[in-house]
Protein chains: 2
Amino acid sequence: MSLQSGAASPEANGTPAERPRPVPEATVSRLAVYLRVLGELREAGVETVSSEELAGASGVNSAKLRKDLSYLGSYGVRGVGYDVASLQDRLQGELGMDHRQSVALVGVGNLGHALAGYTGFAGRGFPVSALFDVDDALVGTEINGIRVRHVREIPEVCAADGVTIGMVATPGPAAQAVCDLLVAGGVQSILNFAPVLLAVPDDVEVRKVDLSVELQVLAFHVARRHTGATAVTDKTNESVVS
Amino acid sequence: MSLQSGAASPEANGTPAERPRPVPEATVSRLAVYLRVLGELREAGVETVSSEELAGASGVNSAKLRKDLSYLGSYGVRGVGYDVASLQDRLQGELGMDHRQSVALVGVGNLGHALAGYTGFAGRGFPVSALFDVDDALVGTEINGIRVRHVREIPEVCAADGVTIGMVATPGPAAQAVCDLLVAGGVQSILNFAPVLLAVPDDVEVRKVDLSVELQVLAFHVARRHTGATAVTDKTNESVVS
DNA sequence: TGCTGTGAAAGTCTTCACAGCC
DNA sequence: GGCTGTGAAGACTTTCACAGCA
């Protein structure tokens, strides 16, 4: 597997720290949440928001939010708060939404079909631009106006379209082969819904969404409640397991 | 070592300290992954597995795996490895799979319909036992042999069926109301697919699956690759949604 | 006055490295 | 010899608390 960490961090070039930008991984996923909330606020006509308000609407505490935003530089006004529109722009840039993103989805069976029809993606800047499946009964059909192609066309189409993100929604056994085709097409970011571990080159990033794992984590807590173990602390008023 | 002295243990009820069990949250979701892999190994007839092998197949390193398993007690044999069957049993118990789990799904639109038909849930011990929607065109139809009921029946049905986990797959604006109904039905664990923050009582646990956030995290890394910044910190290439 | 930005402290998670047992 | 279980070190993340600015 490509799990072996390399040796020590090979980062030792002469470039001095230009700007403050070592955004922690944990922060990145929260930035995406803040961005969604900012969109809602803007929609509602709100022009300025305090860290307290934005944090509350995002399900985190305000200190964390301020720390998160501080990695992008200073965008708030002391005594006032943040300008909704400009913070939204800043986050969009940081999250790569100023580059054009185009998404390919492989596997339009049960789950894949739903993902293909999910309006939330396009609405948030991730239009699904290509669909693929192995099943000849599905190839040629259209979903949401997009024609389903055969998986063998993946490398060519992805390269031609400049697909930046691939979603794998095939059954487990097919996932690795599909993943290889995406990589062959130059895709460097993959969201994997299949319950298998994908092997990829080091320069390709994979995130995994495993719904059964989510359920099992919940089941664990159900079981714990029944096993007498008393409720675990709780300082936050709003508890969202992130 | 973990718990500092000072304040006396607040746990002072009649129940004596049963077992050593402070399983960290981060460990729990990995246990679910190990459990899946163990199932595959058993299927394949493998009887014994080393931490190195199981870790490799799960996408983590072996030290982490051993540490994770150590929270459950000692189930391996030095010089040999772990017995697949008995470790599987142990994990199943720990993850609450010896209790009966029953899942209610609310919202059988686009995504919900797919989730209702997803065979992976039943196959992994989470049979979806009830479906709900507001749409009268859907109420009364059957998916996978289960009849869709009106959301107003949620509290009654959940209480009667002993539903332990609720899945919310409605559009955002409807999610909070649906959540309240689930809570009224006694559901204490909720998996939320709607892009909103759910407010719940302290004794109810919510986990959120936000697909747009996943895409945005990937987009961030796409953008970073283009911004020259070479790969940094990130050693793992397979990440589990948190 | 009110709220941001941030060092420093506290807490959590991961990795190392090796003692101990088969 | 081989592999588990685990203290201790290290890395990362969250929280605290307050200086500093509009």
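Looking only at atom types and distance, the side chain of A:Q92 has no donor-acceptor partner in the side chain of A:D98 under 3.5 Å away.
Between B:Y82 and D:dG5 there is a side-chain N or O to OP1 or OP2 distance below 4.0 Å. Distances shorter than 4.0 Å separate none of the side-chain N or O atoms of A:R66 from OP1 or OP2 on D:dC18. Checking the phosphate oxygens (OP1, OP2) of D:dT14, no side-chain nitrogen or oxygen of A:N61 falls inside 4.0 Å. For the OP1/OP2 pair of D:dT15 and a distance below 4.0 Å, the side-chain nitrogens and oxygens of A:K64 include at least one atom meeting the criterion.
Of all the heavy atoms in B:A194 and B:G172, the pair that sits closest is CB-CA, 4.2 Å.
Using modelled atom types, one side-chain atom of B:T164 and one backbone atom of B:S102 make a donor-acceptor pair closer than 3.5 Å.
Distance from the side chain of A:S51 is smallest for C:dT4 among the nucleotides C:dT4, D:dA8, D:dT15. Of the candidate nucleotides D:dT13, D:dT15, D:dT4, D:dT4 has the atom nearest to the side chain of B:S50. When distances are taken from the side chain of B:S70 to each of C:dG5, C:dT4, D:dG5, the shortest belongs to D:dG5. For A:R78, taking side-chain heavy atoms from C-beta onward, the closest of the listed nucleotides C:dC21, C:dC13, C:dC3 is C:dC3.
Between the NZ atom of B:K67 and the P atom of D:dG10 there is a distance of 15 Å, given to the nearest Å. One can place CD of A:E25 at 12 Å from C1' of D:dC12, the figure rounded to the nearest angstrom. To the nearest angstrom, C1' of C:dC16 lies 16 Å from CG of B:L65. Summarising the geometry, the separation between CG on B:D83 and P on C:dC22 is reported as 16 Å, rounded to the nearest angstrom. Between the P atom of C:dT15 and the CG atom of B:L69 lies a distance of 15 Å, rounded to the nearest Å. Taking atom CZ on A:R30 and atom P on D:dC12, their separation rounds to 15 Å, with Å as the unit. Between the CG atom of A:L72 and the P atom of C:dG5 there is a distance of 10 Å, given to the nearest Å.
Within 6.0 Å of CD on B:E47 lie no more than 12 heavy atoms contributed by other residues, nucleotides or ligands. More than 12 heavy atoms of other shown residues, nucleotides or ligands fall within 6.0 angstrom of atom CD in B:E40.
For the pair A:V80 and A:D68, both in contact range of DNA chain D, the more 5′-proximal nearest nucleotide belongs to A:D68.
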